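To start, the structure under review is shown below, and the notes come after it.
Remember, it's a predicted structure, so these values are computed and weren't measured experimentally. No hydrogens, no waters, no symmetry mates; every other heavy atom, side chains included, goes into these values.
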Amino acid sequence: MDVQHALESHPSINGMCDYVGISRSGYYQREKRHNHQSPRKLRKKFIQGKIKAI
């Protein structure tokens with residue numbers, strides 16, 4: 001299976017995880033960590049915006 005063909009055919013998460021050699025649970029754990037916006041991160045972004053505005 002070639003990657004371009006895999007991306008064009010809209011494969012399942014399970015199929016892509018098998019292709020790249022990671023577990024499905026590992027994929028979802030990483031997605032959860034990557035997309036999580038902690039209160040500290042949100043506050044930091046807010047303060048950075050204020051600093052840039054000044």
The side chain to side chain donor-acceptor pair (under 3.5 Å) partners of Gln29 (sequence neighbours excluded) come to none
For Ile54, which fellow cluster members are found when Ile, Leu, Val, Met, Phe, Trp and Tyr are connected by side-chain heavy-atom distances below 4.5 angstrom, either directly or through intermediates?
none
Once you round to the nearest 0.5 Å, how far does NZ of Lys45 lie from CG of Leu42?
7.0 Å
Closest contact, heavy atoms only, Ser23 versus Cys17:
O-SG, 4.1 Å
Can you tell which of Arg43, Lys44, Lys50 makes a side-chain contact (heavy atoms from CB on, under 4.5 Å) with Ile47?
Arg43
